[in-house]
There are 2 protein chains.
Amino acid sequence: MTEQAPARKSTWKQDPEAVKADILRVATAEFADRGLSGARIDEIAAKTSVSKRMIYYYFSDKEGLYRAALEGVYARLRANERALDLTGLDPIAALTELIKATFDSHRSLPDFIRLVMIENIHHAAYMKQSLIIPELNSSIISKLAELCDAGKAAGIFYDHVDPVELHWMISSMSFYNVSNRETFSHSFGAELHTSAGQQRLRQRVVDAVLAIAVKPRPNAPALA
Amino acid sequence: MTEQAPARKSTWKQDPEAVKADILRVATAEFADRGLSGARIDEIAAKTSVSKRMIYYYFSDKEGLYRAALEGVYARLRANERALDLTGLDPIAALTELIKATFDSHRSLPDFIRLVMIENIHHAAYMKQSLIIPELNSSIISKLAELCDAGKAAGIFYDHVDPVELHWMISSMSFYNVSNRETFSHSFGAELHTSAGQQRLRQRVVDAVLAIAVKPRPNAPALA
DNA sequence: ACTAAAATGTACCAATCTGTTAAATTCATG
DNA sequence: CATGAATTTAACAGATTGGTACATTTTAGT
């Protein structure tokens, strides 16, 4: 009887890791869809392959399950950000790529957006309890900081450019684009959320952020 | 004997309008603080001067009360926007004032922000039921449209400038600034939410939006 | 095979929470 | 001041929901 994990697992009928993952998958979708108090433990249990008892067995209580879901989506966003490779690009190109990647990343992770919305409704109470989330937030800022330093050193970025300010601006538009889609579309039409509209918006974000970071150059291309 | 005397005789005042307003005031705060499913009718009732039964008497049910609160905060934001007078300003100055006013307006109406967040969590379901909200949304766009037309006519705005796009960008940053304050501050520090930080952010929003709207001018002042 | 521990299911409870019933109080008006 | 409509209260009912007690099955090690 070997200790090698993969082969042995297949013979197991009980599979705690798979059960935990299954619960977390369903719970994330459910919390994202209905909020912390809106989600129902019974409903989550019904959508998993196991009974409600297992939720309490593995996650203690509703808040424990919610915390696990929150940490999960943060980890996924962080993985996205870490996958972004900007080596070899000049500061302007690098910043452009980072903006586009952030915009796309937010669009592709609606569960992250919605759980962060829900966290803000709860005054970030559960995020503040988490021990693992803080360490996830450094990579994007350090990438931006490097980039800003390079841009300033080359004399093409303004001296006042600040990584956290840049991240705030990039995030705000990337986040709002997803978070407020429903109310915005209903109020002002869905034009901006067509595929062509989203492409245009992304370019506007690039243009706007570059404009506050990059000094005007005499031979720069004018906006289309 | 006028009816204005505050506490005249009995414990009952019999003042339906004041009762309705009191319920709505408390409910708005409570829904904004805890969300639709998180708010408790008993809790709202306890914080008013009247009994729970009155909520059902005047607002039918929990959702009716929530809808009333939602319509109330929208009306307040649009009133703010309508009060903004841009006559006599050239397009650039007018746009600058509009951006600053929007940024400030969002900061001063946290209940609006939070109820819109909650609406988006609910996929704008209740906003879509409202008959009065749609008519509130036109004034800001028409103001921007006028402004864009003037700017293009004067040859100082890009031809591609679009009122809805501009509003999207101004709103996104003004909204996110309030909506995501808790999570952003916790992740990246509270520097941007100090009074000095907010002043700086507002100026960045102005600079960024102007940059995508206004053609570069040879003698334009460089960013600070 | 036997046993203890881990993993899972079933049935249930206690606490909440929304909404209702029936009655009491106030007020306008004839 | 009698009367009925509008307004308000107190108490309660029905349903929902998070959480638990206890039984049962599965697994690893002996």
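Chain identifiers are assigned alphabetically (A, B, ...) following the order of the sequence lines, protein sequences preceding nucleic acid strands; residue numbering begins at 1 within each chain. Heavy-atom basis, side chains included; hydrogens, waters and symmetry copies ignored.
Below the 3.5 angstrom threshold, one finds no donor paired with an acceptor across the side chain of Lys52(A) and the base of dG9(C). A donor-acceptor contact under 3.5 Å is formed by the side chain of Arg53(B) with the base of dT21(C).
Identified under the salt bridge (Lys or Arg N to Asp or Glu O under 4.0 Å) test for residues 167-193 of chain A, with sequence neighbours left out: Glu182(A)-Lys128(B). Sequence neighbours left out, the pairs with a member in residues 20-58 of chain A that pass ring-ring contact (aromatic ring centres under 6.0 Å, His included) are Phe31(A)-Tyr66(A).
Listed by residue number, Tyr56(B), Asp61(B), Lys62(B) are the residues of residues 54-65 of chain B with a heavy-atom contact under 4.0 Å to DNA chain C.
When the C1' atom of dT16(D) is taken as reference, atom CD1 of Ile41(B) falls 15 Å away, rounded to whole Å. Counting to the nearest Å, the C1' atom of dT17(D) and the CD atom of Glu30(A) are 14 Å from each other. Atom OH in Tyr66(A) sits about 19 Å away from atom P in dT17(D), given to the nearest Å. Following rounding to the nearest Å, Lys20(A) (NZ) and dA7(C) (P) show an atom-to-atom distance of 8 Å. If you measure from atom CD of Glu43(B) to atom P of dC17(C), you get 9 Å, rounded to the nearest angstrom.
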Under 3.5 Å, side-chain donor or acceptor atoms of residues 47-54 of chain A against the rest of the protein: list the pairs with distances, not counting sequence neighbours.
from     : atom 1 : to       : atom 2 : distance (Å)
Lys47(A) : NZ     : Glu30(A) : OE1    : 3.2
Thr48(A) : OG1    : Ala45(A) : O      : 2.8
Thr48(A) : OG1    : Val50(A) : N      : 3.3
Thr48(A) : OG1    : Val50(A) : O      : 3.0
Ser49(A) : OG     : Asp22(A) : OD2    : 3.3
Ser51(A) : OG     : Arg53(A) : N      : 3.4
Lys52(A) : NZ     : Asp42(A) : OD1    : 3.3

List, one per line, each side-chain donor-acceptor pair under 3.5 Å for residues 140-147 of chain B, sequence neighbours excluded.
from      : atom 1 : to        : atom 2 : distance (Å)
Ser142(B) : OG     : Ser138(B) : O      : 3.3
Ser142(B) : OG     : Ser139(B) : O      : 2.9
Lys143(B) : NZ     : Glu81(B)  : O      : 3.0
Lys143(B) : NZ     : Leu84(B)  : O      : 2.9

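Shown here are the side chain to side chain donor-acceptor pair (under 3.5 Å) partners of Glu63(B), two or more places apart in sequence or in another chain: Tyr126(B).
Residues Asp104(A) and Arg202(A) are paired through a salt bridge, judged by an N-O separation under 4.0 Å between the basic side chain and the carboxylate.
Across all strands shown, Ala39(B) has heavy atoms under 4.0 Å from sugar-phosphate atoms exclusively, and none from any base.
Regarding contacts with the backbone of dT16(D), every side-chain N or O of Arg40(A) stays at 4.0 angstrom or more from both OP1 and OP2.
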